[in-house]
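Below is one structure; the comments refer to it alone.
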Amino acid sequence: MDRFHISGPTPLIGRVCASGAKNAALPALAASLLTDEPVTLYRVPRVRDLRTMRRLLDCLGVGSEEREVRGPEGNADPQRPADASPADPKRPESPVTRPETALVLQRTRPSASTDAPYELVKTMRASVLVLGPLLARYGFARVSLPGGCAIGVRPIDQHLKGLAALGADVKLAGGYVETRASRLTGARFRFDLPTVTGTENLLLAACLARGTTVLENCAREPEVADLARLLNAMGARISGAGGDTVVVDGVDGLGGAAHRVIPDRIEGGTYLIGAAITGGDVLLEQANAADLAPLLDKLAEVGVEIEVSPAGIRARAPAGDGSLRARDVATAPHPGFPTDLQAQYMALMTRATGTSTIRETVFENRFQHAPELARMGARVHVDGSSARVDGPTELTGAAVMATDLRASACLVLAGVAAAGTTVVHRIYHLDRGYEGMELKLQGLGAHVARVAESMAT
Ligand code: UD1
């Protein structure tokens, strides 16, 4: 188990590039179950959740390998960003000539296993994304129920209700969900609440169903729209993804495709909050400002100067201690303020002047970072689904424990802003979703070192 040793305070200054979105890459990998042809994905982040998904797909008969692709000619990627060309002869490392890695997924075994085992599913809830495609393609799927989770109960009832509406027979037995349908049939289905992976699972299933499916009250997250773009490139007929109502006209089969995963708005947003909390100045490259609008609006209210240009999104903290203003926030499904940035925002509010209330409306039990921040001097009072933060506080280094992915990011940012040494334990949570965070932070001037447990005694 690795830990981070951080010496602060250091202002984060410079440029940082967002990796591909973990939450868009996971369903994209699951989509490869729907075809025998190769699916080529660009900008897949090298994080643990993606390695877990690759292992799971391997069990299900789909192999994956990273291949280097050089330049646009040999590059089948149709969505290479505009800023990647033309080549800049003064920059030998120009993105056009720099080899790029693509992840190629293809069925390796003709007879598919349709069993997603507990050992893999328990480590990552998003494994449930294989349920829809396996059922649609093979008429049967057996997937372990995802276990309890550090940020609340997180049921999958909506996934199952939706698949049942498409004609699947759904049974729970021995900790597994078993679904069966000779061929799914299009139907109208309304989610009781918007669920991101629930919407994705239904899209993955409905594109091979007979007839038309109309899904209402869908999650509107950009990652849902990204999955629909990939599926359409594979031959699916999906319209309206990213909106409340999505229509899927079923097709008989899907082919391969090449697709570039969208930038990770949560990872990118974390570095922008990092600029704000440390009194820094960060340019986030390869970011989509529209996807980050709820955060950018909030940062502007807090007093951070936000500039959006073709080069990226620049966040500049105001000069002078105590110049950030405390502002309330409530998390909500997209286009609301993302729950996945709530913990990082709480760290920021400890440095702002005044009292702020942070309301978590998406998940229960998602304030586990609060007592850890308190160890660093923060004044946070949690009451049910609300937390009150009194600021500003001079954060001081301490030993703290990461409890989940986003809580880890919050503690790392607080550590960079704090005076003295902070040790963040259980960094494996962070490794699930942040690609090379210590390297990116070092690039912005932070003093962060990864220390392996065996070396850290
Ligand atoms: C996804 C993201 C996660 C993010 C979350 C909310 C992935 C891999 N993960 O998780 O990072 O924090 O969206 O933006 O994309 N719910 C039900 N029944 C269901 C499904 C969900 O009651 O069948 C509830 C959940 O308990 C939660 C809410 O719906 O309260 C939203 O959860 P959901 O959007 O499903 O989250 P995930 O897709 O698991």
Side-chain angles (χ1 to χ4, degrees), residues 20-31 44-45 47-50 52-53 56 121 123-132 143 145-165 170 172 177 179 189-205 215 217-227 242 261-262 264-267 269-270 291-292 294-295 330-345 359-369 385 404-410 429-430 432-434:
K22 164 182 90 69
N23 288 352
L26 287 167
L29 263 70
V44 173
V47 295
R48 210 178 68 232
D49 274 8
L50 267 303
T52 305
M53 184 57 100
L56 177 55
V121 177
T123 63
M124 184 183 69
R125 220 188 109 74
S127 309
V128 76
L129 283 166
V130 301
L131 184 60
V143 175
L145 282 168
C149 169
I151 55 171
V153 179
R154 300 180 81 174
I156 57 161
D157 58 306
Q158 297 299 309
H159 304 231
L160 303 184
K161 266 174 95 170
L163 293 175
V170 178
L172 299 179
V177 46
T179 55
F189 176 72
R190 184 175 178 80
F191 291 98
D192 294 333
L193 78 181
T195 149
V196 177
T197 48
T199 304
E200 291 163 350
N201 232 336
L202 265 286
L203 285 187
L204 288 158
L215 300 171
N217 199 19
C218 292
R220 292 180 281 164
E221 269 68 3
E223 292 76 17
V224 174
D226 197 48
L227 171 64
V261 172
I262 54 172
D264 197 314
R265 64 196 166 98
I266 304 300
E267 185 214 18
T270 300
D291 292 348
L292 272 162
L295 173 69
T331 64
H334 194 75
F337 191 92
T339 174
D340 286 351
L341 286 173
Q342 177 259 109
Q344 301 88 317
Y345 185 80
R359 249 179 0 103
E360 174 56 61
T361 76
V362 179
F363 290 116
E364 66 220 67
N365 198 19
R366 203 176 195 182
F367 285 135
Q368 287 164 323
H369 41 282
S385 60
D404 68 51
L405 172 56
R406 307 306 171 185
S408 322
C410 147
H429 289 292
L430 195 76
R432 281 189 42 214
Y434 283 86

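Remember, it's 1-based here, ligands and their atoms both numbered in the order they're listed. Just so it is clear, the model here is predicted, and its values are computed rather than measured.
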Leu227 and Ala31 have their tightest heavy-atom pair at CD1-CB, 4.4 Å
Applying a 4.0 Å heavy-atom criterion (strictly less than), which segment of Gln342 is in contact with ligand 1: side chain, backbone, both, or neither?
neither
Nitrogen or oxygen atoms of Thr197 and ligand 1 under 3.5 Å apart
yes
Best match, Val196, Leu129, Asn23: closest heavy atom to atom 9 (N) of ligand 1:
Asn23
So the atoms of ligand 1 within less than 4.0 Å of a heavy atom of His159 turn out to be 23 (O)
Counting only nitrogen or oxygen atoms and a 3.5 angstrom limit, does Asp157 reach ligand 1?
yes
Is a donor on one side and an acceptor on the other found under 3.5 Å between the side chain of Asp264 and the backbone of Lys22?
yes
The ring-ring contact (aromatic ring centres under 6.0 Å, His included) partners of Tyr345 (sequence neighbours excluded) come to Phe337
Should the proximity of Pro155 to ligand 1, defined as any heavy atom under 4.0 Å, be assigned to the side chain, the backbone, both, or neither?
both
Do Ser385 and Glu364 come close enough that some side-chain heavy atom pair is under 4.5 Å?
no
So if I count the atoms of ligand 1 from 1 in the order they appear, which ones are less than 4.0 Å from some heavy atom of Arg125?
39 (O)
Answer side chain, backbone, both or neither: which part of Glu200 comes under 4.0 Å from ligand 1, heavy atoms only.
neither
Within the side chain of Glu360, is there an N or O that forms a donor-acceptor pair under 3.5 Å with the backbone of Val362?
yes
Check whether any side-chain N or O of Asn217 sits under 3.5 Å from a backbone N or O of Phe191 as a donor-acceptor pair, and report yes or no.
yes
If only side-chain N and O atoms count, and only distance matters, is there a donor-acceptor pair under 3.5 Å linking Thr270 with Tyr434?
yes
Are Thr339 and Arg406 close enough that some pair of their side-chain heavy atoms sits under 4.5 Å apart?
no
Using a strict cut-off of 4.0 Å, indicate which atoms of ligand 1 neighbour a heavy atom of Gln158.
18 (N), 19 (C), 23 (O)
Ala126 neighbourhood, listing ligand 1 atoms whose heavy-atom distance to it stays under 4.0 Å
8 (C)
Within the 4.0 Å heavy-atom shell around Ile156, which atoms of ligand 1 are there?
19 (C), 23 (O)
A student checking ligand 1 against Thr339 at a 4.0 Å heavy-atom cut-off should list atoms 6 (C), 12 (O), 14 (O)
Kindly identify the option in Thr195, Thr199, Leu193 whose heavy atom sits closest to atom 24 (C) of ligand 1.
Leu193
Would you mind finding which of Asp340, Leu26, Val224 brings a heavy atom closest to atom 12 (O) of ligand 1?
Asp340
Does Gln342 reach the main-chain N or O of Arg366 with its side chain, forming a donor-acceptor pair under 3.5 Å?
yes
Consider every N or O of Val362 and every N or O of ligand 1, then say whether any pair is closer than 3.5 Å.
yes
Min heavy-atom dist Glu223 to ligand 1 below 4.0 Å:
no
Does His159 form a side chain to side chain donor-acceptor pair (under 3.5 Å) with Asn201? I'd like the steps, not just the answer.
CA-CA 7 Å; His159 304 231; Asn201 232 336; 3.1 Å; yes
Arg366 heavy atoms within 4.0 Å reach ligand 1 at atoms 12 (O)
Not counting sequence neighbours, which residues clear salt bridge (Lys or Arg N to Asp or Glu O under 4.0 Å) with Glu223? List them please.
Arg265
